[in-house]
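A, B, ... follow the sequence lines: proteins, then strands. Residue 1 opens every chain. The basis for the numbers below is simple: all heavy atoms, side chains too, and nothing from hydrogens, waters or symmetry mates.
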Amino acid sequence: MTEYDPRKAEEKWQRKWLEDKVFEVRADDSRPKYFANTPYPYVNGFLHLGQAVTNLHPEIMSRYKRMKGFNVLFPYAFHCTGMPIVAAARRIKEGEPRQIELMKSTGIPEEQIPLFADENYWVKYFPAEARKDITRFGLCTDWSRTFITTSANPHYDKFVRWQFTRLKELGYVRLGEHPVVWCPKDQTVVGDHDRISGEGETPSEFTLLKFELEGKYLLAATLRPETVYGQTNLWLDPEVEYVEADVDGETWIINEQCAEKLKEQKHEVNIIGKVKGREMIGKSVIAPAIHRPIPILPTRFIDQGKGTGIVTSVPSDAPDDWVALKVLQEDKEECKKYGLNVEELRAIEPIPIIITKGWGPLPAVEIVDKMGIKSLEEKEKLLKAKEDVYKAGFYDGIMRENCDEFSGMPVIRAKDVIKEKMIEEGEASTLYEPSGDVVCRCLTPSIVKIVSDQWFLAYGDDEWKSQVHECLDDMTLYPEISRKQFDYVIDWLTDWACTHHFGLGTRLPWDEKWVIESLSDSTIYMAYYTISHVLQQLDPEKITDEVFDFLFKNIGTSSEVAAKTGIPEDALVEMRREFEYWYPFDLRHSAKDLIQNHLTFALFSHVAIFDRKYWPRGYGINGYITVREEKMSKSLGNVRTLRDALNQLGADVTRITLAQGGEGLDDPSFDPGFALTIGRKLKQWYSFATEKHETREEWHPIDSWFRSVMNKSVKETEEAMEQMNHRTALKICYFDLQREWQWYLRRTSNTPNSKLLEDFVKTETKLLSPFVPHLCEEIWEALGKEGYISRASYPESKAEEIDRVAERSEEFLKSNLEDIREILKVTKIVPKKIVLYLSPDWKNKVYLWAIQLAKSQDLSMKTIMEKASADDELKEKTKVISQFAGKVVKDMQRMSSANLEKFGNLVDEKGYLSESVELLKTQFSCDVEICDAEDESRYDPKSKAKFAMPWRPAIFVE
RNA sequence: GCGAGGGUAGCCAAGACUGGUCAAAGGCGACAGACUCAAGAUCUGUUCCAGAAGUGGUCCCGGGGUUCAAAUCCUCGCCCUCGCACCA
């Protein structure tokens with residue numbers, strides 16, 4: 001017996017596939033094509049299991065389709081565009097310990113780490129490493145078409161430039177304004193990867209309220225403009241020196257930081273003076289919207305880093321304001337210090353403005369009481385209180401009768417309308433702040449800048465959207481259930497900022513100071529795969545827009561373009577042929593996080609640039625991988641690389657473990673325990689498939705049964721494969737079919753029919769080969785088969801070999817076994833003798849009548865007894881018949897039509913059981929007798945025989 | 001809050017669209033038996049409760065409903081996951 005060595009076999013077949021160019025494919029009009037692909041990975045590290053599982057599904061599909069006779073293209077490339085690599089390289093250069101530690105932990109030798117200070121090194125290193133891993137994973141990749149992105153690949157660079165030029169001509173690339181998180185010191189955008197803290201924070205919009213004071217305005221920032229109707233006072237920090245600034249022609253009083261921010265947000269700002277907070281305490285200002293005078297009161301709890309340093313006070317709905325007010329009202333000394341009139345101050349009461357289900361008129365007062373908050377020092381409690389009140393008020397609240405024309409309006413709507421109105425009337429403005437504190441790598445707190453010459457892809461364009469919907473409507477989605485999500489995203493998308501100042505990538509053709517952003521340069525590159533093997537060999541200088549116009553839009557002729565560009569005409573013809581043959585792609589498969597950006601962006605670009613016949617045909621989606629029930633993520637520190645898995649388990653085991661981890665949108669789980677078991681089972685399959693077995697030539701009824709089961713299995717596997725339900729497919733073609741085979745072996749006393757054995761080994765190996773191709777190639781070779789199993793034809797289910805009678809008969813036998821076992825278990829009898837009494841003919845007759853009647857919905861005691869008394873043979877026994885019929889009628893009434901069909905076809909119970917009596921004897925190690933229930937000579941000491949009925953012989957055990 | 005997907009036995013997970021052989025597939029784990037000097041592997045069986053006869057009881061997040069019949073359909077509620085973007 002030869003032991004299967006996965007390591008050796010996997011290397012061997014990967015080498016042979018490469019040498020024989022098994023997966024290197026070219027256009028071939030004599031064969032139907034299938035083009036599958038998967039988003040190229042971003043190469044700032046080694047591939048992890050999440051990417052592996054995402055790549056594996058289209059890989060399995062590709063192998064399956066190849067066996068179904070398709071010419072299959074499954075290419076692979078690498079994404080280098082964007083900021084993370086640049087940022088990481090910079091960190092290495094600066095010797096940042098965290099980054100260096102990260103590199104070490106992924107397995108980069110320490111002495112090599114300095115090389116990564118150069119961003120170009122990443123772009124060389126990781127694609128090469130990823131390619132090794134992908135090859136070792138056994139993917140059927142056509143490497144002749146691989147490439148990297150960015151200007152480091154001048155050919156691809158030309159392609160992206162063409163794409164953007166065309167999009168701009170179509171009017172889909174537009175100039176606009178856009179708020180970004182910005183470092184005032186570095187004067188740059190602060191991307192997530194450039195932050196010390198504040199990852200994920202984005203610009204959010206505050207309303208700036210104007211409070212008039214002697215012809216000048218004090219400005220207060222708020223996120224809840226709708227609460228202006230509840231304003232009772234204004235808060236100032238007496239110790240802070242505010243500035244007077246000329247802003248767009250008005251005089252504003254704000255803090256200095258705010259003045260700086262406003263300068264970046266399209267305001268004309270000139271500081272003209274300073275004013276101490278203390279000087280303004282006690283004065284009255286006219287509040288916006290309500291146009292009432294309210295007093296300026298002191299507090300020390302204003303975060304000067306946010307907003308203007310001045311805060312409006314709404315004690316009814318803002319817990320902070322209520323607590324601050326209460327504290328001040330009770331602090332006589334503080335009042336004295338600022339010369340405040342205590343009586344007037346104490347007269348200030350919160351004003352109810354929002355009606356919220358489940359809350360009283362003053363939610364802030366209510367929650368502060370409930371939580372027992374006494375001071376502004378209790379920051380955590382206040383935060384929670386604020387959150388609760390805000391959530392309830394914002395989503396469920398309705399504006400009270402004292403809110404002008406907004407009375408009765410839901411808060412969720414009123415917020416925007418009130419804001420708009422105040423801005424319109426010159427009572428308010430806007431200010432952007434990061435949604436949370438963001439600190440740039442240079443340690444400067446970030447602000448928000450409004451960039452005004454930002455380029456956008458106009459994904460908000462309604463006409464464009466409707467075309468994308470049309471495209472989606474014609475696509476196949478795996479699983480179909482993801483369609484709603486796509487439709488939602490298409491509608492929800494707005495214009496996308498598609499250029500950046502920094503990062504790797506392609507420069508915007510008409511404005512070279514911009515680099516095309518990384519999600520925007522990767523929307524139609526699947527078309528690039530069709531031509532890259534030829535294009536990448538050309539002189540990039542010669543690749544002009546006309547070339548792509550010709551290849552993808554069929555503009556001009558090959559000779560014209562050749563003459564104009566100096567590119568050999570046959571290369572152009574070849575590329576055009578490849579594109580026409582392969583495009584559109586049939587399947588693009590990705591994890592679900594790309595639904596709301598990349599996958600949908602790709603649809604937009606396709607409908608804009610390509611003719612309808614080249615629009616995408618199919619998308620596949622999978623969930624996020626979990627390892628031991630934990631979501632795999634950097635923050636959990638449980639990221640497993642593909643390389644580790646391959647080293648530990650080998651390719652086939654990694655593949656099958658991932659494939660059976662889950663399907664559809666569910667998060668697949670990587671189960672190391674399963675990996676261990678399946679590894680042994682696969683070796684066993686190799687041994688079984690390649691060893692000699694004792695067989696026989698003659699054909700037995702049980703052979704028909706297994707052949708039938710196998711055919712059904714092939715059919716069902718195929719159905720699951722077509723739906724990309726790989727887990728289901730594996731269950732059917734491997735776990736279930738193997739179990740059936742075990743049963744078959746028992747039924748044949750380990751002597752299978754030789755032809756059937758051969759057929760089973762061949763079929764099972766083929767069915768498994770998309771999942772574990774190396775093992776299957778090795779078996780294929782050991783069996784002496786020609787060529788590669790990767791190119792062999794998929795098994796076909798033969799309708800004429802499906803034998804329902806054989807299957808029903810075997811089921812009948814199995815149910816007898818189960819019944820006997822059950823009896824033995826309950827009675828704890830160790831059997832010496834088992835007797836099976838078969839249903840008499842008259843019961844069969846009545847049973848079948850009942851089924852007929854049930855099918856025609858006409859079954860009742862009455863109808864069935866009428867039939868019995870009309871029957872010559874049965875009319876004598878109406879008494880026993882009525883007893884039996886009572887039970888039958890009850891059973892049948894709750895039978896599904898499928899079961900009526902199934903049980904309506906009786907099998908030859910006696911014949912089948914008699915043939916199988918040896919099995920029963922060995923199974924229970926005792927004597928087994930089969931007789932007719934009404935045979936006079938039967939052995940029936942406990943009078944069990946009378947319980948016999950069709951499908952359920954009576955059983956006696958002693 | 002909005003959008004999407006979910007909640008099934010010790011765990012993972014089918015079933016739900018199309019109600020009925022559904023006490024509910026399969027995998028993992030656990031237990032028992034066979035094989036073995038032994039362990040492992042493998043094979044066989046058991047794995048909601050009760051049971052000396054193939055049965056009965058309870059059951060699919062919780063409440064209510066429709067139906068001869070509900071894990072499945074309707075309704076109300078609770079809970080979980082993901083997304084809500086300017087970027088990989």
Side-chain angles (χ1 to χ4, degrees), chain A residues 39 41-44 79 81-85 178-181 189 191-193 200 202-203 391-392 394-396 412 454 456-457 459 479 481-489 491-500 503 517-520 522 592-598 623-624 626 629 631 660-669 671-674 676-678 680-681 683-684 727-728 730-732 734-736 739 742 745-746 815-816 818-829 891-900 902-903 923 942 944 947 951-957:
Chain A
Y42 186 68
V43 285
N44 62 340
H79 200 200
T81 311
M83 317 220 255
I85 288 176
H178 178 57
V180 295
V181 177
V189 177
D192 259 358
H193 306 276
T202 56
K391 253 193 183 162
F394 182 67
Y395 293 117
D396 301 330
I412 199 163
Q454 172 71 52
F456 287 91
L457 282 163
Y459 294 147
I481 204 164
S482 61
R483 187 175 299 278
K484 285 184 200 165
Q485 190 80 24
F486 276 107
D487 274 320
Y488 177 77
V489 170
D491 290 333
W492 158 84
L493 274 176
T494 59
D495 293 354
W496 176 266
C498 62
T499 53
H500 280 172
E517 172 273 334
S518 87
L519 286 175
S520 305
S522 56
K592 61 186 171 190
D593 52 341
L594 296 192
I595 294 177
Q596 67 266 15
N597 45 57
H598 166 73
Y624 307 125
T626 58
E629 280 149 55
K631 185 180 160 183
Q660 86 85 49
E663 61 194 15
L665 292 177
D666 295 337
D667 292 341
S669 65
D671 180 353
F674 176 86
L676 213 64
T677 322
I678 200 69
R680 285 192 300 260
K681 286 188 176 163
K683 280 188 183 184
Q684 233 173 289
R727 181 194 178 113
T728 303
L730 262 179
K731 181 194 171 244
I732 297 164
Y734 182 66
F735 296 103
D736 290 350
R739 211 178 30 252
Q742 288 301 333
L745 279 185
R746 268 172 77 191
S815 75
N816 277 303
E818 275 164 30
D819 282 350
I820 295 170
R821 254 192 221 121
E822 171 96 11
I823 292 168
L824 294 178
K825 184 184 141 205
V826 171
T827 60
K828 303 186 178 70
I829 293 172
D891 282 1
M892 303 258 168
Q893 270 165 349
R894 40 194 299 256
M895 236 183 230
S896 64
S897 56
N899 278 318
L900 286 173
K902 182 171 145 196
F903 292 111
Q923 183 69 42
K942 286 261 167 80
K944 295 287 183 192
F947 298 117
W951 298 110
R952 306 208 70 186
I955 298 168
F956 169 69
V957 177

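B:rU58 sits 10 Å from B:rA23 when the C1' atoms are compared, rounded to a whole Å. A distance of about 33 Å separates the P atoms of B:rG62 and B:rG45, rounded to the whole Å. Taking atom P in both B:rC37 and B:rC48, the straight-line distance is 35 Å, to the nearest Å. B:rC79 sits 35 Å from B:rC68 when the P atoms are compared, rounded to a whole Å.
Both geometric conditions, a ring-centre gap below 5.5 Å and a plane tilt below 30°, are fulfilled for A:W496 over the base of B:rC86.
Of the candidates B:rA4, B:rG45, B:rA53, the closest approach to any side-chain atom of A:R821 belongs to B:rG45. Among B:rC87, B:rU47, B:rC86, the nucleotide with an atom closest to any side-chain atom of A:L519 is B:rC87. Side-chain proximity of A:E517 to B:rA53, B:rC12, B:rC87: nearest is B:rC87. Out of B:rC86, B:rC43, B:rA52, the shortest distance to the side chain of A:K828 is found at B:rA52. When distances are taken from the side chain of A:V826 to each of B:rC87, B:rC43, B:rA52, the shortest belongs to B:rA52. For A:R746, the listed nucleotide lying nearest its side chain is B:rG45; candidates were B:rA4, B:rA88, B:rG45.
In a base pair of the Watson-Crick type (N1 to N3 plus N6-O4 or O6-N4) or a G-U wobble (N1-O2 and O6-N3), with each distance short of 3.5 Å, B:rC60 is matched with no nucleotide. Under the Watson-Crick or G-U wobble criterion, with both distances below 3.5 Å, B:rA50 is paired with B:rU55. As the counterpart of B:rU67, no nucleotide is assigned, since no Watson-Crick or G-U wobble pattern has both distances under 3.5 Å. Nucleotide B:rA4 is matched to B:rU81 when pairs are restricted to Watson-Crick or G-U wobble geometry with both distances under 3.5 angstrom. When both pairing distances are held under 3.5 Å, B:rU18 makes no Watson-Crick or G-U pair with any nucleotide shown. In this structure, B:rG40 forms no base pair with any nucleotide, since neither Watson-Crick nor G-U wobble geometry is met with both distances under 3.5 Å. Under the Watson-Crick or G-U wobble criterion, with both distances below 3.5 Å, B:rA88 has no partner in any strand shown. If you check B:rC28 for Watson-Crick or wobble pairing at under 3.5 angstrom, you find it paired to B:rG10.
Not counting sequence neighbours, the partners of A:K942 by the side chain to side chain contact (heavy atoms under 4.5 Å, CB included) test are A:K944, A:F956.
At a threshold of 4.5 Å between non-hydrogen side-chain atoms, the residues A:V180 and A:P203 do not count as touching. Side-chain contact between A:K681 and A:Y734: present, with at least one pair of heavy atoms (C-beta onward) separated by less than 4.5 Å. Between A:S815 and A:W951 there is no side-chain heavy-atom pair separated by less than 4.5 Å. Using a 4.5 Å heavy-atom cutoff, the side chains of A:Q596 and A:W492 are in contact. Inter-residue side-chain proximity for A:D819 and A:I955 is flagged as met; some heavy-atom pair is nearer than 4.5 Å. Proximity of A:K592 to A:D667: side-chain heavy atoms (C-beta onward) are separated by under 4.5 Å at one or more points.
Here A:E818 lies out of heavy-atom contact (under 4.0 Å) with every strand. Using a 4.0 Å heavy-atom cutoff across all strands shown, A:Q454 reaches no nucleic acid atom at all. Residue contacts shown for A:K942 are absent, as no nucleic acid heavy atom lies under 4.0 Å away. Across all strands, A:P479 comes closer than 4.0 Å to no nucleic acid atom at all (heavy-atom distances). Within 4.0 Å of A:V957, counting heavy atoms only, lies at least one base atom of the nucleic acid. Across all strands, A:F456 comes closer than 4.0 Å to no nucleic acid atom at all (heavy-atom distances). Base engagement by A:R952 is indicated by at least one non-hydrogen atom pair under 4.0 Å involving a base atom. Looking at heavy-atom distances under 4.0 Å, A:L824 makes no contact with the nucleic acid at all. Residue A:I955 is classed as a base contact, given a heavy-atom separation below 4.0 Å to a base.
Ranked by how close their nearest RNA chain B nucleotide is to the 5' end, A:Y459 and A:D736 are led by A:D736. Residue order along RNA chain B, read from the 5' end via each residue's closest nucleotide, puts A:K902 first among A:K902 and A:D495.
The phosphate of B:rG5 has neither OP1 nor OP2 within less than 4.0 Å of any side-chain N or O from A:R483. Look at A:H500 and you'll find a side-chain N or O under 4.0 angstrom from OP1 or OP2 of B:rC87. The phosphate of B:rA88 has OP1 or OP2 within less than 4.0 Å of a side-chain N or O from A:S518.
Atom C1' of nucleotide B:rC87 and atom NE2 of A:H79 are separated by 10 Å, given to the nearest angstrom. Spacing between atom CD1 of A:I678 and atom P of B:rG26 amounts to 16 Å, rounded to whole angstrom units. At whole-Å resolution of the value, CG in A:L493 and P in B:rC2 are 21 Å apart. In this structure, A:K825 places its NZ atom 12 Å from P of B:rU55, rounding to the nearest Å.
For A:S522 against A:S518, the heavy-atom pair with the smallest separation is OG-O, 3.3 Å. Closest approach of A:F735 and A:I678 over heavy atoms only: CZ-CD1, 4.1 Å.
Scanning atom types as modelled, one donor and one acceptor separated by under 3.5 angstrom connect the side chain of A:T494 and the base of B:rA85.
A salt bridge links A:R739 to A:D736: one of the charged nitrogens lies within less than 4.0 Å of a carboxylate oxygen.
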Please produce a list of atom pairs where a protein N or O lies less than 3.5 Å from an N or O of nucleotides 28-35 of chain B.
| from | atom 1 | to | atom 2 | distance (Å) |
| --- | --- | --- | --- | --- |
| B:rC28 | OP1 | A:K681 | NZ | 3.3 |

For nucleotides 13-18 of chain B, list the nitrogen or oxygen atoms of the protein found under 3.5 Å from its nitrogen or oxygen atoms, one pair per line.
| from | atom 1 | to | atom 2 | distance (Å) |
| --- | --- | --- | --- | --- |
| B:rA14 | OP1 | A:D666 | OD2 | 3.3 |

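For the residue pair A:E517/A:S520, the side-chain donor-acceptor check at 3.5 Å is satisfied.
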